[in-house]
Amino acid sequence: MTGDDLQALARSALEEIAGVADQDQLEEVRRRYLARHGGSIAAAATQLARVQGEERAALGRAFNSAKGAVTEALERRQTELEQGSWEVGLSAEEMDVTHPLHPLRRGHQHPVARTVREIEDIFARLGYLSVAGPEIEDDLHNFQMLNMPPEHPARDGHDTFYLAGDGAGWLYRTHTSPMQMRTMLAGQPPFRIIVPGKVARRDNPDPTHNPVFHQVEGLCVDQGVTVADLKGTLEYVLRQLFGKERGVRLRASFFPYTEPSLEADVACGICLGEGCRSCLGKGWIEILGSGMVHPDVLATAGVDPDRYSGFAFGMGPDRIAALRYGIRDVRELYENDLRLLEGF
Ligand code: DAH
């Protein structure tokens, strides 16, 4: 093989490379010219070993330039082919941005969560801060500091879930009222807070009772707070929640930590006062307890009852949600039946 032969081989290789349509054909051309075994240009390398001197130098130069030219052409063509297949791919993947989507399933808040948010909004307008407290409490804060020493009869109404423990009297809080105490102990008056949260009692489930339920506690302590402020606040909030038309009444009641004490009832949302299964025949559903904070409770919390007075309340957002949305049984709120929940 001579230098001219190599040049001729390189020329025909370049022509073929320019003509290939895809990477397989390109690889086939590469093999025919450059493969170590059987490549026609590569064959010159074997021949180099057999010649000497000037002849060897000339053949070597011709071999290097032929191989270099072909290798470079192969690489250039390879890049062109890759670029082409990228563009072909792009145009094949065209998409229709006007094609309609599957209908989106939109979630929404649970009726109790929505009610709690609304209660928070109403009280925020009145200047109340919403705070959270621990669900696991001790006997001291849940009962004793609220004028319910051990053996106090008012404890019977609480049917407490006690937790096994180290004798510290751990329990699942039976109401959110312990946060009144924690708030007052941690700061200085004036206080205006609400405390939404979960509570639990060993109640027998019925249309107005579920063992786990929600409460929103409230506390307002300042100089010169009177029962008129309590009544005005409750009436305003209940009107906001239920509208002007719905029957609402306040009744005298008793709680060890308030004096005097009041309860508020709202006309049953199902029978509007007639008496039905949902209100257990009463026509009214109790939704909150309240009263003027007992002076002893203020003193226990380190607030001077001669300078300050206040009112407190605890309302039940589960019952409020049931009353507002016409839910017949509060237990339905805890069954997580989507068919029911999607209706709100
Ligand atoms: N803790 C009471 C309950 O669970 C509700 C309550 C009554 C809260 C009077 C208060 C209050 O803050 O002053 O039934």
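Remember, it's 1-based here, ligands and their atoms both numbered in the order they're listed. Residues take their numbers from the sequence shown, with the count starting at 1.
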Just do the side-chain contact (heavy atoms from CB on, under 4.5 Å) check on F161 and R202 with the steps written out, would you?
-> CA-CA 7 Å; F161 285 110; R202 298 169 47 169; 3.3 Å; yes
At less than 3.5 Å, what protein N or O atoms come close to the N or O atoms of ligand 1? Include the distances to 0.1 Å.
from	atom 1	to	atom 2	distance (Å)
ligand 1	1 (N)	H175	ND1	2.8
ligand 1	1 (N)	S177	OG	3.0
ligand 1	1 (N)	Y257	OH	2.8
ligand 1	4 (O)	R201	NH2	2.7
ligand 1	4 (O)	Q215	NE2	2.8
ligand 1	12 (O)	Q180	NE2	2.7
ligand 1	12 (O)	E217	OE2	2.6
ligand 1	12 (O)	F313	N	3.2
ligand 1	12 (O)	F313	O	3.3
ligand 1	13 (O)	A312	O	3.2

Parallel, tilted or perpendicular: which describes the rings of F313 and Y128, with under 30° parallel and over 60° perpendicular?
-> tilted
Mind checking side chain to side chain contact (heavy atoms under 4.5 Å, CB included) for S309 and listing every partner two or more places apart, or none if nothing turns up?
-> V225
Kindly state each residue pair satisfying salt bridge (Lys or Arg N to Asp or Glu O under 4.0 Å) with at least one member in residues 309-330, sequence neighbours excluded.
-> E118-R324, D329-R331
More than 12 heavy atoms of other residues, nucleotides or ligands under 6.0 Å from CZ of R249: is that the case?
-> yes
Using ring pair (Phe, Tyr, Trp, His ring centres under 6.0 Å) as the criterion, list what pairs up with F311, not counting sequence neighbours.
-> none
